[in-house]
Peer 1: 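Quick one: the structure is below, and I'll ask about it shortly.
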Amino acid sequence: MSEYILEMMGIKKSFPGVMALNGVDLKIKKGETHALMGENGAGKSTLIKILTGLYKKDFGRILFDGSEIDPSSSIEAQSLGISTIYQEVNIIPSLSVCENIFAGREIKKGFIIDWKETEKKAKELLNSLGIDIDVKALMGSYSTAIKQMISIARAISVKAKLVVMDEPTSSLNEEEVKVLFSIINKLKAEGISIIFISHKLNEIFEISDTITVLKDGELVGEYETKNLTKLDLISKMIGKNAHAIENQKKSYSEFKEDVFLQAKNITSGVRLNAINLTVRKGEVVGLAGLLGSGRTEIARVLFGADKFDKGSIEINGKQVYFKLPRDAISLNMAFCSEDRKQEGIIPYMSVKDNMTLAILKDISRFGLISRKKQSDIVSKYIKAINIKTPSHDQGIRYLSGGNQQKVLLARWICKNPELIILDEPTRGIDVGAKSEIISIIEDLSNNGIGVIVISSEFDELIRCCDRIEIIRDGKNVGSLKSDEINEDNILSLIAGPVSVEGA
């Protein structure tokens, strides 16, 4: 009997003008968590869609649990024991938890749904995953995290042997991720295999046993997670030497450039408590801290999006008070929010119109936009920061997350700011795009633009920042620069002093 639950061999798939997969292999052992990694366009989604019956392969073989399969629909794949949990939780909020779990597979007595048995089975299923909730309550009444857990319960309720999890942690906080990981470990203990897809390297190294890397539709290799470093994995995904990636980080030198922004004793309710922050022209300053530490609140106050109670802000040595973000913009400040979809892109507008929103006055005369000026600017930044789009007029909603983020960066860069605040600039994008955005941050710094970077990914802050300010409970608790910048020091300051009973 084979040790593998799944063997995809020599899989090929092409679309008009594109070879999406070129002879790819993927082997998943029984009871393992297997990470599938690669940049956007590497072929991950195509491979999963072939496995789950959404696409037909052009060539190759698929063996599942010892038998050759070729599913033609997700329902057929599910009947074989292959379930998929997507990034966007697929639920019906107006139905109860138990109705969502057994939708399409209702438990019946004759022609009538057996509600008592349905509720009992749903309760047993959730309890087996360590989840104790009211299964009669409406799905819409629960948090995103609970909905995600219920989606997992639904996936394994069909007696799944393999569960595909596509970005399952994208909407979860740190504690919720721990719960999810405990569930994954329970599934593994029961012999269920997991294909885990995520852009978050820390999660990959914590939960996976094996990693398969794809690049440009081809197999780079399969590796035991314990034998890889994060830098090794990144280099395999983007095709760059690990040493070259490490050297992307600049060495810190004492900045002699003028101070652009100085915030003193900023206090805002219970969220911020006497925060101090200085940013010099050309300096990249990172804000590190746990979720809820006050990092985003600092950014919003500095940009005039939120008010503060006490303290002062100086720009180029002069005290200012921003009533609205437009006041900050008028003083050459820019802000990319962490919520790209809700507060950044205008999804039904083109790349061109999204990029030039902040400079409409500069490219207009008598209320009419100069299409030539607009086109010239858009062409310049598409080339300068490598935005992958078929045309200026492409709807931005059709671009990958990384390219959407680069359009938003271009929106502000073309205004020639002196300071740009980037809140989680690499969230939800692939490793290759992350590397490009870090390069863009370095270019901004080299051009004398100050940058504030907020990120939950410490390795990214370490790679791109000249100085890192540690924020805990709305307060400054430390500052790191040069050789002091490493993950141990960041974690130590975030955790704070440890009290010992009886000491």
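Everything numeric here is computed off the predicted structure, so don't read it as measured data.
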Peer 1: Between Thr210 and Glu224, is the side chain to side chain donor-acceptor pair (under 3.5 Å) condition met? List the steps.
Peer 2: CA-CA 4 Å; Thr210 312; Glu224 287 189 56; over 6 Å; no
Peer 1: For the backbone of Lys475 and the side chain of Asn273, can you confirm whether one donor and one acceptor N or O come within less than 3.5 Å of each other?
Peer 2: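 No; zero donor-acceptor contacts below 3.5 Å.
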Peer 1: Quick one, Lys13 and Val24 - any side-chain contact, counting heavy atoms below 4.5 Å?
Peer 2: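 They are not in contact (no side-chain heavy atoms under 4.5 Å apart), so the answer is no.
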Peer 1: Can you measure from CD1 (Ile275) to CD (Glu297) and round to the nearest 0.5 angstrom?
Peer 2: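 Going from CD1 on Ile275 over to CD on Glu297, the span is 10.0 Å.
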Peer 1: Going through the distances and angles, do Asp166 and Lys44 end up as a salt bridge (Lys or Arg N to Asp or Glu O under 4.0 Å)?
Peer 2: CA-CA 10 Å; Asp166 188 357; Lys44 305 188 303 291; over 6 Å; no
Peer 1: What closest approach, in Å, do Ile437 and Pro425 show between heavy atoms, and which atom pair accounts for it?
Peer 2: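 What the structure gives for the nearest pair is CD1-O, 3.8 Å.
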Peer 1: Are Arg271 and Asp306 side-chain neighbours, meaning at least one heavy-atom pair lies under 4.5 Å?
Peer 2: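 Yes, side chains in contact.
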Peer 1: Okay, side chain of Gln404, backbone of Leu399: is any donor-acceptor separation there less than 3.5 Å?
Peer 2: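 At least one qualifying donor-acceptor pair exists.
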Peer 1: Has the side chain of Ser375 got a donor or acceptor atom that lies under 3.5 Å from a matching backbone atom of Arg371?
Peer 2: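 Pair absent, no side-chain N/O of Ser375 close to backbone of Arg371.
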Peer 1: Can you list the residues that meet the salt bridge (Lys or Arg N to Asp or Glu O under 4.0 Å) rule with Lys372, with sequence neighbours excluded?
Peer 2: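 With neighbours one apart ignored, the set is Asp376.
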Peer 1: Between Asp327 and Leu324 (side chain of the first, backbone of the second, donor and acceptor by atom type, cut-off under 3.5 Å), is there such a pair?
Peer 2: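 Yes; judged by distance alone, with no hydrogens or angles, the pair exists.
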Peer 1: Distance-only, no hydrogens or angles: does the Thr225 side chain make a donor-acceptor pair with backbone N or O of Ser208 under 3.5 Å?
Peer 2: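 Yes, the answer is positive, given that a donor and an acceptor are paired below the 3.5 Å cut-off.
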Peer 1: Do Asn486 side-chain atoms and Asp488 backbone N/O form a donor-acceptor pair below 3.5 Å?
Peer 2: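 Confirmed, Asn486 side chain pairs with Asp488 backbone.
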Peer 1: Looking just at side-chain N and O atoms, do Asn22 and Glu218 make a donor-acceptor pair shorter than 3.5 Å?
Peer 2: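 Yes.
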Peer 1: Closest heavy-atom contact between Ile266 and Ser312?
Peer 2: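 Scanning both residues completely, I find the closest heavy atoms to be CD1-O, 3.6 Å.
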Peer 1: Does the side chain of Val453 come within less than 4.5 Å of Ile421's, by heavy atoms?
Peer 2: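 They are not in contact (no side-chain heavy atoms under 4.5 Å apart), so the answer is no.
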Peer 1: Any donor and acceptor pair, going by atom type alone, linking the side chain of Trp412 with main-chain N or O of Phe335 inside 3.5 Å?
Peer 2: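 Yes, Trp412 side chain to Phe335 backbone: donor-acceptor pair under 3.5 Å.
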Peer 1: If the condition is ring-ring contact (aromatic ring centres under 6.0 Å, His included), which residues does Tyr55 pass it with, not counting sequence neighbours?
Peer 2: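 Counting only residues at least two positions away or on another chain, Tyr55 forms a ring-ring contact (aromatic ring centres under 6.0 Å, His included) with Phe15.
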Peer 1: To the closest 0.5 Å, what do you measure between CD1 (Ile440) and OG (Ser445)?
Peer 2: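 The distance works out to 13.5 Å.
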Peer 1: Test Ile452 against Leu302 for side-chain contact (heavy atoms from CB on, under 4.5 Å), laying out the working first.
Peer 2: CA-CA 11 Å; Ile452 296 174; Leu302 294 179; 3.8 Å; yes
Peer 1: Heavy atoms only: give me the nearest Phe260-Leu331 pair and the separation to one decimal.
Peer 2: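 In this case the closest contact between Phe260 and Leu331 is CZ-O, 3.5 Å.
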Peer 1: So Ile298 and Ile471, do their side chains get closer than 4.5 Å, heavy atoms only?
Peer 2: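 Of all side-chain heavy-atom pairs linking Ile298 with Ile471, at least one is under 4.5 Å.
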Peer 1: Say whether, by atom type as modelled, one donor and one acceptor occur between the side chain of Asp466 and the main chain of Val284 under 3.5 angstrom.
Peer 2: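 Yes.
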Peer 1: Report the C-alpha separation of Thr296 and Asp423 in whole Å, then their side-chain angles, then the decisive distance to 0.1 Å, and conclude whether the side chain to side chain donor-acceptor pair (under 3.5 Å) test is met.
Peer 2: CA-CA 7 Å; Thr296 294; Asp423 193 353; 2.8 Å; yes
Peer 1: Stepwise, does the side chain to side chain donor-acceptor pair (under 3.5 Å) test hold for His392 with Ser350?
Peer 2: CA-CA 7 Å; His392 295 189; Ser350 66; over 6 Å; no
Peer 1: Is any side-chain heavy atom of Ile313 closer than 4.5 Å to a side-chain heavy atom of Phe308?
Peer 2: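 Result yes, sub-4.5 Å side-chain heavy-atom pair found.
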Peer 1: What residues form a salt bridge (Lys or Arg N to Asp or Glu O under 4.0 Å) with Glu314, not counting sequence neighbours?
Peer 2: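 Only Lys264 meet the salt bridge (Lys or Arg N to Asp or Glu O under 4.0 Å) criterion with Glu314.
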Peer 1: Mind running side-chain contact (heavy atoms from CB on, under 4.5 Å) on Met349 and Arg397 for me, showing each step along the way?
Peer 2: CA-CA 8 Å; Met349 286 173 60; Arg397 67 188 184 278; over 6 Å; no
Peer 1: Is Lys281 salt-bridged to Glu283, cutoff N-O under 4.0 Å?
Peer 2: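 Salt bridge absent between Lys281 and Glu283.
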Peer 1: Within a strict 4.5 Å, meaning less than it, do heavy atoms of the Val451 and Val285 side chains meet?
Peer 2: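 Result no, sub-4.5 Å side-chain heavy-atom pair not found.
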Peer 1: Contact between Ile329 and Lys415 at the side-chain level, heavy atoms closer than 4.5 Å - yes or no?
Peer 2: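 Touching, per the 4.5 Å side-chain cut-off.
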Peer 1: Partners of Asp443 by salt bridge (Lys or Arg N to Asp or Glu O under 4.0 Å), sequence neighbours excluded?
Peer 2: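 For Asp443, no residue satisfies salt bridge (Lys or Arg N to Asp or Glu O under 4.0 Å) once neighbours in sequence are set aside.
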Peer 1: Verify side-chain contact (heavy atoms from CB on, under 4.5 Å) between Phe181 and Glu203, making sure each step is shown before the conclusion.
Peer 2: CA-CA 9 Å; Phe181 283 5; Glu203 294 179 359; 3.8 Å; yes
Peer 1: At what distance, to the nearest 0.5 angstrom, does CG of Asn446 lie from CD of Glu442?
Peer 2: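 Reported value, rounded in 0.5 Å steps: 5.5 Å.
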Peer 1: Roughly how far, to the nearest 0.5 Å, is the OG1 atom of Thr212 from the NZ atom of Lys236?
Peer 2: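 Spacing of NZ (Lys236) from OG1 (Thr212) equals 12.0 Å.
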Peer 1: Taking all non-hydrogen atoms of both residues into account, name the closest pair between Asn354 and Ile346 and its distance.
Peer 2: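 Result for this residue pair: OD1-N, 2.7 Å.
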Peer 1: Give me the atom names and distance for the closest heavy-atom approach of Arg295 to Ala288.
Peer 2: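 Where Arg295 meets Ala288 most closely, the heavy atoms are CD-C, 3.8 Å.
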Peer 1: Between CG of Asp393 and CG of Asp353, what distance do you get to the nearest 0.5 Å?
Peer 2: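 The CG atom of Asp393 sits 8.0 Å away from the CG atom of Asp353.
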Peer 1: For Phe322, enumerate each residue passing the ring-ring contact (aromatic ring centres under 6.0 Å, His included) test, keeping only those at least two apart in sequence or located in another chain.
Peer 2: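 So Phe322 forms no ring-ring contact (aromatic ring centres under 6.0 Å, His included) with any residue.
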Peer 1: For residues Met355 and Ile387, report the shortest heavy-atom separation together with the two atoms involved.
Peer 2: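 Closest approach of Met355 to Ile387, heavy atoms only: CE-CD1, 3.7 Å.
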Peer 1: Side chain of Thr356, backbone of Lys352: donor and acceptor closer than 3.5 Å?
Peer 2: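 Yes: the side chain of Thr356 pairs with the backbone of Lys352.
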Peer 1: Quick one: does Lys307's side chain have a donor or acceptor within less than 3.5 Å of a partner on Lys323's backbone?
Peer 2: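 Confirmed, Lys307 side chain pairs with Lys323 backbone.
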Peer 1: Which value, rounded to the nearest 0.5 Å, describes the distance between Ile454 atom CD1 and Glu424 atom CD?
Peer 2: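 It comes to 7.5 Å.
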Peer 1: Who pairs with Asp209 by salt bridge (Lys or Arg N to Asp or Glu O under 4.0 Å), at least two apart in sequence or on another chain?
Peer 2: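 Partners of Asp209 by the salt bridge (Lys or Arg N to Asp or Glu O under 4.0 Å) criterion, ordered by chain and then number, come out as Lys188.
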Peer 1: So among Leu219, Leu214, Ile195, which one has a side-chain contact (heavy atoms from CB on, under 4.5 Å) with Leu26?
Peer 2: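 Of Leu219, Leu214, Ile195, side-chain contact (heavy atoms from CB on, under 4.5 Å) with Leu26 is met by Ile195 alone.
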Peer 1: Thr389 and Gln394: side chain to side chain donor-acceptor pair (under 3.5 Å), yes or no, with the steps?
Peer 2: CA-CA 7 Å; Thr389 177; Gln394 174 78 336; 5.5 Å; no
Peer 1: Distance alone, cut at 3.5 Å: any donor-acceptor contact between the side chains of Asp309 and Thr267?
Peer 2: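 No, Thr267 and Asp309 have no side-chain donor paired with an acceptor closer than 3.5 Å.
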Peer 1: Is the shortest side-chain heavy-atom distance between Asp232 and Asn227 below 4.5 Å?
Peer 2: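 No. Closest side-chain heavy atoms not under 4.5 Å.
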